[in-house]
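Sequence lines set the chain letters: A, B, ... in the order given, protein chains first and strands last, and positions in each chain run from 1.
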Amino acid sequence: MVMNIFSAFRDRIVDAVESLGLETRDGNPLQTAKVNVEPPRDASHGDLATNAAMVIAKQVGENPRHVAEKIVAALENNPDIVEATIAGPGFVNLRISNAFWLTQLKLMADPHSGYGRSTIGGQKKVNVEYVSANPTGPMHVGHCRGAVVGDTLANLLAFAGYDVTKEYYINDAGAQIDVLARSVYLRYKQALGHAIGTMPEGLYPGDYLVPVGEALAEKHEDALLSMPEDEALAVIKDAAVDAMMALIRDDLAALNVHHDVFFSERTLHEGNGGKIQSALNDLTMKGHVYKGKLPPPKGQLPDDWEDREQTLFRSTDVGDDIDRPLVKSDGTYTYFAADTAYFVDKFERGFKEMIFVLGADHGGYVKRMEALAKAVSEGSVQLTVLLCQLVKLLRDGEPVKMSKRAGQFVTLRDVVDEVGRDPVRFMMIYRKSSEPLDFDFAKVTEQSKDNPVFYVQYASARCHSVFRQAEEQLPGTKADLDRLDLLVDESEIALIRKLAEFPRVVETAAVAQEPHRLAFYLYELSNSFHGHWNKGTDNEQLRFVKVNNPQLTSARLGLVQGVLNVLRSGLDILGVAAPAEMR
RNA sequence: GGUCCCGUAGCUCAGUUGGAUAGAGCAUCAGAUUCCUAAUCUGAGGGUCGCAGGUUCAAUUCCUGCCGGGAUCACCA
């Protein structure tokens with residue numbers, strides 16, 4: 001069953017076109033791929049519009065309006081099309097019967113139909129990697145947008161029929177983890193009663209490491225002090241990473257973000273770097289690795305630049321700007337070498353598409369990642385990097401000051417605790433991710449129609465309010481999906497038309513990997529619903545609950561049910577609650 | 001200097017992968033609202049889509065070059 005009526009009617013239009021038996025000028029088969037059916041920009045044009053005539057006209061060497069006439073004639077017998085007219089340069093505008101809209105509403109209002117779900121993904125295996133914050137402390141507000149965008153995109157893709165895995169890459173190997181371990185070592189000493197003074201420069205000064213030190217002191221007492229330092233640090237490292245990941249998982253849960261897989265970078269280095277070695281062997285076999293020198297960077301030469309021969313990935317062969325080092329001067333693998341092994345691991349797990357949600361400051365990594373995918377998968381994996389622009393935090397219009405050195409950074413938890421999970425999630429997605437975003441604490445908690453979060457959630461609450469009103473005034477009255485034919489008002493049908501856009505929005509947003517479209521759609525739908533409601537203030541006939549007409553009330557409850565179902569499904573994808581009431 | 005992102009109404013932003021007269025919210029202005037279901041409602045004005053070329057039936061959308069704003073730029077992670 002195709003729920004996207006736009007693609008359903010597209011099929012009908014294409015059938016109609018092909019039934020005309022038109023001959024192309026060059027004798028090639030008629031190309032209909034560019035034929036589309038969309039909601040017209042102006043509602044007065046009709047319910048659906050197609051560009052079919054204009055696409056076909058050139059191929060057959062005829063005037064577009066003339067082709068349009070033929071298409072209109074071919075559609076004459078279609079029972080769902082009440083009217084087909086030609087407009088502008090050759091658009092065919094269709095008006096759809098109320099009966100058709102009402103069968104759609106029946107689907108929308110049925111909570112078991114899964115209205116809006118799509119099969120467009122074809123159960124393709126997609127890996128969405130997002131957040132992947134270093135396990136060296138709690139998440140700060142900078143991670144917030146990527147977390148929401150990644151999580152929402154993953155939800156959206158799953159809803160659109162993809163087989164999605166949400167993944168987090170734990171950077172638990174490397175210098176910053178050693179710094180973490182040394183910082184915790186000091187906190188451990190402190191917990192044992194040693195004076196540590198102020199944290200030395202370069203270590204993590206945050207208080208969040210204090211309980212980690214205390215837990216170690218409780219478990220090991222002073223045993224770690226008598227060990228050689230590197231052995232003690234190894235023990236501490238494990239405990240510290242576990243503690244930080246626990247912290248981060250809590251933060252993510254507060255944002256309603258839940259990953260399926262947490263992948264540890266350290267597992268790639270285990271066994272003397274076996275996984276990395278075999279990944280590099282794979283790259284070497286495919287002819288992408290060589291020993292050579294890198295040209296010095298342009299512009300100002302770094303102080304410690306050393307011109308040396310090294311093991312390089314010839315990424316320039318596959319679209320990168322510069323070849324990438326795989327082995328450091330001390331003989332250990334570079335971060336990128338581990339990335340290679342990680343990519344190979346994902347590849348072997350069968351993902352056909354990999355999405356990385358990163359902050360805009362990681363723009364420089366895009367090309368090497370794409371190059372990696374091309375080299376390893378030989379073009380069979382589609383890798384996309386979604387760059388999220390930065391978030392500017394505001395309080396009553398004034399920028400919030402943050403100083404990393406002074407340890408004064410706003411944590412993700414601070415923001416969620418202050419404004420709530422729903423406003424954070426909604427506002428982080430209520431903007432194209434390639435666009436910078438202003439986040440004003442005051443505005444996102446405002447209880448007014450000027451606040452989109454409130455406006456959309458309020459639509460959900462209002463739906464429930466109608467059910468409560470109906471129960472109060474007409475006890476026992478339920479939505480009746482078999483008497484939807486009682487819905488005849490243009491304003492009601494218009495609302496159904498808006499609902500009918502949902503499956504299309506899901507599909508286009510999923511394909512474009514632009515989850516913000518869904519948030520904007522939900523706002524528009526709420527706008528239509530509130531608008532219809534407001535008509536009831538002037539015209540009592542349009543109110544949902546009609547005490548003297550239980551049948552009509554039941555039909556209208558069906559409409560409300562449809563609105564509520566779509567709002568719920570949409571908000572669910574956004575990870576935002578659809579409240580029953582707002583007080 | 002290289003690369004990537006952005007430039008649309010006074011402000012904040014959408015714009016359905018190339019379609020018709022470019023939209024919404026805020027702000028501004030003009031009306032309505034003693035009745036009503038729940039956090040007022042209706043309407044109006046406001047634009048060289050950064051600039052200049054190109055591709056075509058059709059460009060805010062795709063291509064090229066400029067202008068302006070942001071991010072980033074060896075081995076670190």
Side-chain angles (χ1 to χ4, degrees), chain A residues 6 34 36 38-42 45 49-51 54-55 57-58 63-64 87-91 93 134 136 171 173-177 179 265 294-302 304-308 310 320-330 332 334-336 338-339 359-367 385 387-390 430-438 440 443 446-452 454-455 458 461-462 465-466 468-469 473 501 504-505 507-509 511-512 514 516-517 519-521 523-524 527 530-531 533-538 540 543-545 581-583:
Chain A
F6 299 93
K34 286 194 157 185
N36 62 25
E38 339 181 288
R41 187 163 291 178
D42 189 333
H45 291 148
T50 179
N51 64 353
M54 291 178 289
V55 173
K58 195 178 183 189
N63 177 318
F91 286 98
N93 294 326
N134 288 344
T136 56
N171 294 127
Q176 90 287 0
I177 294 298
V179 172
E265 181 190 356
L294 227 40
K298 288 182 178 152
Q300 201 178 353
L301 205 63
D304 52 351
W305 169 261
E306 52 175 315
D307 191 26
R308 68 179 181 91
Q310 49 190 335
D320 203 358
D321 299 323
I322 191 167
D323 291 340
R324 304 292 170 181
L326 296 166
V327 181
K328 288 189 260 181
S329 50
D330 66 1
T332 59
T334 61
Y335 183 80
F336 186 73
D339 260 358
D361 52 340
H362 288 72
Y365 300 93
V366 176
K367 284 195 175 175
V385 179
L387 291 180
C388 295
Q389 291 298 314
L390 304 181
Y430 196 63
R431 185 115 314 172
K432 204 168 20 176
S433 55
S434 57
E435 197 85 22
L437 178 139
D438 289 350
D440 194 311
K443 282 187 185 163
E446 194 177 273
Q447 300 268 301
S448 84
K449 76 176 197 69
D450 299 340
N451 179 357
F454 174 80
Y455 192 72
Y458 181 52
R462 185 168 256 176
S465 169
V466 173
R468 284 192 295 269
Q469 287 285 338
Q473 296 179 38
E501 290 178 23
R504 173 185 160 87
V505 170
E507 289 180 358
T508 54
V511 169
E514 292 187 347
H516 73 278
R517 294 191 192 201
F520 280 93
Y521 168 74
Y523 181 85
E524 288 172 20
N527 184 253
H530 291 312
W533 170 281
N534 287 328
K535 284 185 181 151
T537 56
D538 288 338
E540 214 171 304
R543 297 187 183 184
F544 292 108
V545 180
E581 60 178 358
M582 298 176 82
R583 301 255 173 214

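- Under the 30°/60° scheme for interplanar angles, the aromatic rings of A:His516 and A:Phe520 are found to stand perpendicular.
- If you check every strand for non-hydrogen atoms under 4.0 Å, A:Phe6 touches nothing.
- Computed from coordinates, the A:Lys367 NZ to B:rC5 C1' distance equals 13 Å when rounded to whole Å.
- Separating the CD1 atom of A:Ile322 from the C1' atom of B:rU3 is a distance of 12 Å, rounded to the nearest angstrom.
- Scored by the salt bridge (Lys or Arg N to Asp or Glu O under 4.0 Å) test, A:Arg324 finds A:Asp320 as partners (sequence neighbours excluded).
- Counting to the nearest Å, the P atom of B:rC4 and the CG atom of A:Leu390 are 18 Å from each other.
- Using a 4.0 Å heavy-atom distance criterion, A:Arg468 is classed as a base contact.
- For A:Gln469, the side chain to side chain donor-acceptor pair (under 3.5 Å) partners at least two apart in sequence or on another chain are A:Gln473.
- Straight-line distance between the P atoms of B:rC62 and B:rU8: roughly 16 Å, to the nearest whole Å.
- The separation of B:rG15 from B:rG25, taken at their C1' atoms, amounts to 15 Å, rounded to a whole angstrom.
- Nucleotides B:rC13 and B:rC57 have their P atoms positioned 37 Å apart, rounded to a whole Å.
- Nearer the 5' end of RNA chain B, as judged by each residue's closest nucleotide, is the contact made by A:Glu581, out of A:Glu581 and A:Gln310.
- Checking A:Tyr335 against A:Asn171 by side-chain atom types alone, a donor-acceptor pair falls below 3.5 Å.
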Report task. Could you give me the CA-CA distance, side-chain angles and deciding distance for A:Thr136 and A:Val179, then say whether side-chain contact (heavy atoms from CB on, under 4.5 Å) is met? Result -> CA-CA 9 Å; A:Thr136 56; A:Val179 172; over 6 Å; no
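- Atom C1' of B:rG45 sits at a distance of 23 Å from the matching atom of B:rU60, rounded to the whole Å.
- Checked against side chain to side chain donor-acceptor pair (under 3.5 Å), A:Glu501 has the following partners two or more places apart in sequence or in another chain: A:Lys498.
- If you take OH of A:Tyr455 and P of B:rA39, they are 11 Å apart, rounded to a whole angstrom.
- Residues A:Tyr455 and A:His530 place their aromatic rings such that the two centres sit under 6.0 Å apart.
- Distance check: A:Asp339 CG to A:Glu265 CD gives 7.5 Å after rounding to the nearest 0.5 Å.
- Atom CG of A:Asp323 is separated from atom CG of A:Leu294 by 6.5 Å, given to the nearest 0.5 angstrom.
- In this entry the distance linking NZ of A:Lys58 with C1' of B:rU56 reads 6 Å, nearest Å.
- Considering only residues two or more places apart in sequence or on other chains, A:Lys328 meets the side chain to side chain donor-acceptor pair (under 3.5 Å) condition with none of them.
- Closest-nucleotide positions on RNA chain B for A:Gly364 and A:Val466 were compared, and the one nearer the 5' end corresponds to A:Val466.
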Table of protein N/O atoms under 3.5 Å from nucleotides 62-65 of chain B N/O atoms:
none

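- Phosphate contact (OP1/OP2 of B:rA39, side-chain N/O of A:Arg462, threshold under 4.0 Å): present.
- Taking atom P on both B:rA39 and B:rU12, the two are 30 Å apart, rounded to the nearest angstrom.
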**Report entry** Summary of protein contacts for nucleotides 12-28 of chain B, nucleotide by nucleotide, where a base hit scores B, a sugar-phosphate-only hit scores S (4.0 Å, heavy atoms)
**Finding:** SSSSBB-BB-S--SS--
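- Take A:Asp321 and apply the salt bridge (Lys or Arg N to Asp or Glu O under 4.0 Å) test, not counting sequence neighbours, and it matches A:Lys367.
- Among the heavy atoms of the strands lying under 4.0 Å from A:Gln176 are primed sugar atoms or P, OP1, OP2 only; no base atom is included.
- In this structure A:Glu435 satisfies the salt bridge (Lys or Arg N to Asp or Glu O under 4.0 Å) test with no other residue, sequence neighbours excluded.
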Query raised in the report: When Watson-Crick pairs (N1 to N3 and N6-O4 or O6-N4) and G-U wobble pairs (N1-O2 and O6-N3) count only below 3.5 Å on both distances, what is the dot-bracket string of RNA chain B, with | for other-strand pairs?
Result: (((((((..((((.....[...)))).(((((.......))))).....(((((..]....))))))))))))....
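- Looking at heavy-atom distances under 4.0 Å, A:Thr334 makes contact with sugar-phosphate atoms alone, never a base.
- Partners of A:Glu446 according to the side chain to side chain contact (heavy atoms under 4.5 Å, CB included) rule, which considers only residues two or more places apart in sequence or in another chain, are A:Ser448, A:Asp450, A:Asn451.
- In this structure, A:Lys328 places its NZ atom 10 Å from P of B:rC75, rounding to the nearest Å.
- Going from the P atom of B:rC26 to that of B:rU21 covers 28 Å, rounded to whole Å.
- In this structure, CD on A:Gln389 lies 7.0 Å from OG on A:Ser434, to the nearest 0.5 angstrom.
- Distance check on atom P: B:rA30 versus B:rG69 gives 39 Å, rounded to whole Å.
- A straight line from NE2 of A:His530 to C1' of B:rU42 spans 17 Å, rounded to a whole angstrom.
- Here A:Asp42 pairs with A:Ser44 under the side chain to side chain donor-acceptor pair (under 3.5 Å) rule; sequence neighbours left out.
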Just the atom pairs and distances: protein N or O near nucleotides 34-36 of chain B's N or O, under 3.5 Å.
{"from": "B:rC36", "atom 1": "O3'", "to": "A:Arg543", "atom 2": "NH1", "distance (Å)": "3.3"}
{"from": "B:rC36", "atom 1": "O2'", "to": "A:Arg543", "atom 2": "NH1", "distance (Å)": "3.3"}
{"from": "B:rC36", "atom 1": "O2'", "to": "A:Arg543", "atom 2": "NH2", "distance (Å)": "2.6"}

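- Between the CG atom of A:Asp440 and the P atom of B:rC11 there is a distance of 18 Å, rounded to whole Å.
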Query raised in the report: Does the side-chain contact (heavy atoms from CB on, under 4.5 Å) test come out yes or no for A:Arg517 and A:Lys432, once each step is laid out?
Result: CA-CA 8 Å; A:Arg517 294 191 192 201; A:Lys432 204 168 20 176; over 6 Å; no
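- Straight-line distance between the C1' atoms of B:rA22 and B:rU16: roughly 13 Å, to the nearest whole Å.
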